[in-house]
Amino acid sequence: MIGADLPAWPVVDFAVFGEVELKPLSRIQGLTAGFLSRNWLSIPHVTHQDDADITAVEALRATLAPRPSALAFFAKALVSGLKAFPQFNASLDASGRNLVLKKYFHIGVAIDTPRGLVVGVVRDCDRKPLADVAADISALSAKARGRGLPMSDMEGGCISISSLGGIGGTGFTPIVNAPEVAILGIAKAEWKPRRASDDAIEWRLKAPLSLSYDHRVINGADAARFLRHLDEVLAEPKQLLA
């Protein structure tokens, strides 16, 4: 068993050092802790970081009603990435000797709830227009923060997104959501200067991306190309509307 030979967790009477309060983990937090520990110990993680230019995405969003979330554009862009790099749309089977290549495109979205973190799955993102993907993300988020998501809404994902863009940060290391082989982290977008062809300075809105991946399946060059592909797709966001 992975991790079975690790030293025991330290037993400490923290009350000796000062006042404390004991607060049990929620059921979701307890389950998530177990899954994350398993994934971190069993998957050889590597995280590749890059920026994506979302200037055109934000300009397009401003013209649409209702206004879709930027997350919906990333979900649709990931579909393009999975099609261009099929090894990202795959899972190792339980034996670890076979790679299961998927022909469907379901995108997981990490949702922060009062009870803990859950991942809802938007199905068939390749077949849905962006407006429907945005509506599905919104519906899953509302359901997760309300009564909660059934297992049927949390299984079958191909790749997941963990977005902290609404909070802050310049990058982080998301943990792969097994049996998926990659997860995309998105931090807060910032305006950055870029030298134009005429040497003038133009400002572009850049979103920091952190792609964690299973190194048994994906190599570093593929990860770099994958994020470059996302950047190219997001630079022409009208293609993602359909």
Side-chain angles (χ1 to χ4, degrees), residues 2 32 35-52 54 70-112 117-126 133 136-137 140 153-165 169-187 189 207-234 240:
I2 296 174
T32 300
F35 293 143
L36 290 177
S37 297
R38 177 201 62 191
N39 295 348
W40 184 253
L41 288 171
S42 61
I43 297 173
H45 279 70
V46 180
T47 302
H48 182 80
Q49 297 180 321
D50 204 342
D51 288 341
I54 61 169
L71 200 56
F73 283 90
F74 278 101
K76 291 289 284 185
L78 279 175
V79 171
S80 177
L82 295 180
K83 289 181 177 180
F85 300 89
Q87 67 270 42
F88 283 81
N89 197 17
S91 290
L92 287 167
D93 68 5
S95 73
R97 293 189 292 270
N98 300 296
L99 195 61
V100 180
L101 297 171
K102 304 164 189 174
K103 307 299 183 181
Y104 50 86
F105 300 89
H106 306 334
I107 306 298
V109 178
I111 303 168
D112 183 27
L117 187 70
V118 298
V119 179
V121 176
V122 182
R123 304 194 180 281
D124 300 315
C125 288
D126 58 322
V133 172
D136 285 355
I137 293 174
L140 282 169
D153 281 341
M154 296 189 289
E155 57 188 5
C158 300
I159 188 172
S160 293
I161 305 173
S162 179
S163 176
L164 299 177
T170 58
F172 60 105
T173 305
I175 297 177
V176 174
N177 185 28
E180 299 167 16
V181 296
I183 182 171
L184 179 69
I186 308 172
L209 305 182
S210 301
L211 180 71
S212 290
Y213 57 92
D214 187 333
H215 211 352
R216 296 172 298 179
V217 178
I218 297 166
N219 61 43
D222 288 335
R225 294 187 187 104
F226 188 86
L227 286 191
R228 285 294 83 216
H229 179 87
L230 293 189
D231 182 58
E232 293 169 2
V233 171
L234 291 166
L240 300 174

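Computation of the quantities below employed the complete heavy-atom set of this structure, encompassing side-chain atoms and omitting hydrogens, waters and symmetry-equivalent molecules. Position 1 is the first residue of the sequence; numbering continues from there.
Of the possible polar contacts, one joining the N89 side chain to the K102 backbone as a donor-acceptor pair under 3.5 Å is found. With hydrogens and angles disregarded, a donor-acceptor distance shorter than 3.5 Å links the side chain of S91 to the backbone of P179. No donor-acceptor pair closer than 3.5 Å links the side chain of Q49 to the backbone N or O of G171. Counting only distance, with no hydrogens or angles, the side chain of S212 and the backbone of P174 share a donor-acceptor pair below 3.5 Å. Proximity of a side-chain donor or acceptor of D214 to a complementary backbone N or O of I43 within less than 3.5 Å is not detected. Side-chain N or O atoms of H106 include none that pairs as donor or acceptor with a backbone N or O of V122 at under 3.5 Å.
Partner of V109 under the side chain to side chain contact (heavy atoms under 4.5 Å, CB included) criterion, chosen from L71, D136, V118, L140: L71.
Across all non-hydrogen atoms, the minimal contact from A223 to F88 is CA-CZ, 3.9 Å. The two residues N177 and N39 come nearest to each other via the heavy atoms CA-ND2, 4.0 Å. Residues V119 and S160 approach most closely at CG1-OG, 3.8 Å, considering heavy atoms. Scanning both residues, F172 and A187, for their nearest heavy atoms gives CE2-N, 4.4 Å. Closest approach of T32 and L117 over heavy atoms only: OG1-O, 3.3 Å. The two atoms that bring V121 and M154 nearest to each other are CG2-C, 3.8 Å, heavy atoms only.
Rounded to the nearest 0.5 Å, atoms OG (S162) and CD1 (I175) are 10.0 Å apart. Taking NE2 of H45 as the reference point, atom CZ of R216 lies at 9.5 Å (rounded to 0.5 Å). Atoms CD and CZ, on E232 and R225 in that order, are 12.0 Å from each other to the nearest 0.5 Å. The line from CD1 of I218 to OH of Y213 is 8.0 Å long, rounded to the nearest 0.5 Å.
Side-chain contact between I107 and I159: present, with at least one pair of heavy atoms (C-beta onward) separated by less than 4.5 Å. Contact check for D231 versus D50: no side-chain heavy atoms found under the 4.5 Å cut-off. Two residues are said to be in side-chain contact when any heavy atoms from C-beta on lie closer than 4.5 Å; F74 and I54 meet this criterion. Side-chain contact between L92 and N98 is absent, with no heavy-atom pair separated by less than 4.5 Å. Looking at V133 and K76, their side chains come closer than 4.5 Å, going by heavy atoms from C-beta outward. Looking at L211 and L209, their side chains never come closer than 4.5 Å, going by heavy atoms from C-beta outward.
In the displayed structure, R123 atom CZ is contacted under 6.0 Å by more than 12 heavy atoms of other residues, nucleotides or ligands.
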(request) Would you sort out whether L230 and L184 count as a side-chain contact (heavy atoms from CB on, under 4.5 Å), showing the intermediate values? (result) CA-CA 11 Å; L230 293 189; L184 179 69; 4.0 Å; yes
(message) Run V181 and Q87 through side-chain contact (heavy atoms from CB on, under 4.5 Å) and show every step you take.
(response) CA-CA 8 Å; V181 296; Q87 67 270 42; over 6 Å; no
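Contacts of H229 classified as ring-ring contact (aromatic ring centres under 6.0 Å, His included), with partners at least two apart in sequence or in another chain: F85.
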